[in-house]
Peer 1: 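Below you'll find the structure I mean.
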Amino acid sequence: MMNDHMETYHEDEDKGMRKGSLHLPEGVRIRGRLAAGYDRILTREALEFVTDLERTFRSRVKWMLDFRKEQQARFDAGEVPAFDPAMVAIREGSWVCDGVPLAIADRRVEITGPVERKMVINALNSGAKVFMADFEDSLAPHWDNVMRGHINLRDAVNKTIEWEDKARNKLYKLNKNTAVLFVRPRGWHLKEAHIEIDGEPATGCLTDFGFYFFHNHEAFRTTHGGAGPFFYLPKMQHSREAAVWNSVFDRAERALGVPHGSIKATVLIETLPAVFQMNEILYELRSHSAGLNCGRWDYIFSYVKTFQGHPDRLLPDRVQVGMGQHFMKSYTELLIQTCHRRGVHAMGGMAAQIPIRDNAAANEAAMALVRADKLREVTAGHDGTWAAHPGLISLVMDVFNANMTKENQIESRKREDVSITEADLIEKPRGVRTLDGLRLNTRVGIQYVEAWLNGTGSVPLYNLMEDAATAEISRVQNWQWIRYGAVLDGESVPIKVDKELFARVVSEELARVEGEVGTERFKKGRFVEAARMFARQCTAAKLDDFLTLDAYSRVVSIVPEARLSRLNGGTFPQHCLHPMIQTISTMLADVQF
Ligand SMILES: CC(=O)SCCNC(=O)CCNC(=O)[C@H](O)C(C)(C)COP(=O)(O)OP(=O)(O)OC[C@H]1O[C@@H](n2cnc3c(N)ncnc32)[C@H](O)[C@@H]1OP(=O)(O)O
Ligand SMILES: O=CC(=O)O
Ligand SMILES: [Mg+2]
């Protein structure tokens, strides 16, 4: 029976336990625990808004995801991505997107980071023009991370956000001038299993978008100058997905009386099929568009995924697949040309280097790489770029200030000189494969999955930022090499990769990780579980679509119905797990090392 009123208790950090209640629309069940403040996100009105989006768009989301499968089956059968001949009128037409609001005309440096409270404050204060608050690549979407993320964003929009570091006796609060907030919801493929609508888990991105928009749209009208809110949209593969987002925006604006076109969104071009659809994507979103961004890490991941059935397209070591590769350079140039032709921003991407505190020489070398990457972007014609860490903002700002005198280059760098063909966009990357590459992928993959299972979606590993997108490259590259018996041609004696070699690498790298993190941390952590999961994915007969689908199944924490009426903060026995988790657990039992 569906409840339309549920009574429950939740924790209040300051006042101990207090009684509270959720008023749920018909057909809605909250399956995650309730902690302090969640009831102010899960209001009946907000849930009604999210439920309407879910019911309206659910079947289109399923259809889109089915289409992705069909398209992949064609690629697996030998097809390669190409421009769609049926869309030539859109590609060649002279239309432009609606204008860019003043508030985001200058986006030269954007900091990104998960929606964690202290990081939100630090990012907004960092001196960057924009902060992209992330529910995606850099967030492990555990229920508490997601709920707290919404609380943090609401407090950030209202400028009341504070955080006290008791150990350091430091109070974090916002500066007078802060970055403009963008929010990146999850990709279409991820569910929010803790919210059930009509007996099905909700679509993750519709809940991320829905709660943020519902709770904050008014502030954008009153205190933020009328424009916004602003979004980043990840991992799309086709313009039909952009069309669904556009309909979501239309419906949301209409439902809450927000002027049409107030929402603006930048689409990440971070899948190989999407690069052939850039005009079409902008066209679908033309009244809501704030340009495109080069999501380089997922793009590399997508190159492998798209060509998973093509043994002649094995990647060299991950470290060699940089922006200098012809296919990467071609993609960025075509993106700049496309965006500027349509009157919107062409944003650059993320250099993986972060400040290195304990080694000045290594730090200077890392900063030189970031500087070179940003110089390449601004001289190519990008209007702005991403930075992963507050310690990079002034460096990146300096590069853009020295090379971009106006607020953007939309009018000044049309890049009409660029002529990119289909062949340029899929040219095979060059380089060599090494055992060290296989080892590094494995070490990074295991540690990243371990962090993710524990609730952290972006981590520093070997002085680089690692998040879901970069970890995906490690996973699919290993899979590709094992699947096709890649020859490690960068070794003095070429070695063929097979499951036996990989099993040895996994156990040796796991031992190395234990040495690096220390036995105590290793024992307390989930490294063995992470290694098993990563190994299963790397050796699967069919490539898993996303690393995080498997991982999410292991972090869904469903509160049994009978216990929803009591405070419950612990973990739950196996029989309480969502059916999704039980399936994965069974699969894991079969992994052979
Ligand atoms: C492929 C993509 O999608 S890229 C976009 C998604 N990825 C990201 O956004 C990654 C964001 N960056 C990060 O998460 C972090 O910088 C990491 C994990 C890479 C490194 O984190 P750490 O090693 O903890 O950083 P470090 O210890 O140097 O942090 C120093 C300070 O900067 C803060 N900080 C670091 N990165 C960020 C950030 N991106 N936003 C806000 N604050 C940050 C830390 O909170 C810390 O604050 P404090 O001094 O007040 O305590
Ligand atoms: O989201 C960005 C990426 O590079 O992936
Ligand atoms: Mg990405």
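Just so you know, ligand 1 is whichever comes first in the structure, and atom 1 is the first atom listed for that ligand.
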Peer 1: I need the contact type for Tyr172 against ligand 1. Using non-hydrogen atoms and a strict under-4.0 Å cut-off, is it side chain, backbone, both or neither?
Peer 2: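 Under 4.0 Å from ligand 1, Tyr172 contributes side-chain atoms alone.
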Peer 1: Hey, is Glu472 close enough to Lys305 for a salt bridge, meaning N to O under 4.0 Å?
Peer 2: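 The answer is no: the pair does not qualify as a salt bridge.
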Peer 1: Between Asp134 and ligand 1, which residue portion shows a heavy-atom distance shorter than 4.0 Å: side chain, backbone, both, or neither?
Peer 2: side chain
Peer 1: Tell me, please, whether Tyr462 has Arg443 positioned over its six-membered ring: NZ or CZ under 6.0 Å from the ring centre and within 45 degrees of its axis?
Peer 2: yes
Peer 1: Number the atoms of ligand 1 from 1 as they appear, then name those within less than 4.0 Å of a heavy atom of Asp467, with their elements.
Peer 2: 1 (C), 2 (C), 3 (O), 4 (S), 5 (C), 6 (C), 7 (N)
Peer 1: Side chain, backbone, both or neither: which part of Glu136 comes within less than 4.0 Å of ligand 1 when only heavy atoms are counted?
Peer 2: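 The answer is neither.
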Peer 1: Looking only at distances, please establish whether an N/O atom of ligand 2 is found under 3.5 Å from an N/O atom of Arg184.
Peer 2: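 Between Arg184 and ligand 2, an N or O pair is found under 3.5 Å apart.
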Peer 1: For ligand 1, indicate whether the residue Ala469 contacts it via side chain, backbone, both or neither (heavy-atom separation under 4.0 Å).
Peer 2: side chain
Peer 1: How many degrees, to 10°, between Glu270 OE1 and Asp298 OD2 as seen from the Mg ion (ligand 3)?
Peer 2: 90°
Peer 1: Out of curiosity, is Arg117 lining ligand 1, as in a heavy atom under 4.0 Å away?
Peer 2: no
Peer 1: Does the distance from a Lys or Arg side-chain N to an Asp or Glu carboxylate O, for Lys374 and Asp398, drop under 4.0 Å?
Peer 2: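 Salt bridge: no.
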Peer 1: What class does the angle between the rings of Tyr212 and Phe231 fall in, given that below 30° is parallel, 30 to 60° is tilted and above 60° is perpendicular?
Peer 2: perpendicular
Peer 1: Say whether Asp298, considering both its backbone and side-chain N or O atoms, lies within less than 3.5 Å of an N or O atom on ligand 2.
Peer 2: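 Yes, there is a polar N/O contact under 3.5 Å.
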Peer 1: Quick one: does Glu270 get a heavy atom under 4.0 Å from ligand 2?
Peer 2: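 Glu270 counts as a contact of ligand 2 under the 4.0 Å cut-off.
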Peer 1: Any Lys/Arg nitrogen of Arg521 or Glu450 sitting under 4.0 Å from an Asp/Glu carboxylate oxygen of the other?
Peer 2: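 Answer for the salt bridge query: yes.
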Peer 1: Does some non-hydrogen atom of Phe131 fall short of 4.0 Å from ligand 1?
Peer 2: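 Contact check Phe131 vs ligand 1: negative.
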Peer 1: If you measure from each non-hydrogen atom of Asp137 to ligand 2, which part falls under 4.0 Å: side chain, backbone, both or neither?
Peer 2: side chain
Peer 1: Quick check: of its N, O or S atoms, which one does Asp137 have closest to the Mg ion (ligand 3)?
Peer 2: OD2
Peer 1: Between Arg357, Arg168, Arg296, Met465, flag the one that comes closest to atom 10 (C) of ligand 1 by a heavy atom.
Peer 2: Met465
Peer 1: Can you tell whether the side chains of Arg376 and Asp373 come within less than 4.0 Å, N to carboxylate O?
Peer 2: yes
Peer 1: Quick one: does ligand 2 sit under 4.0 Å from the side chain of Trp386, the backbone, both or neither, non-hydrogen atoms only?
Peer 2: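 Looking at Trp386 and ligand 2, just side chain atoms fall under 4.0 Å.
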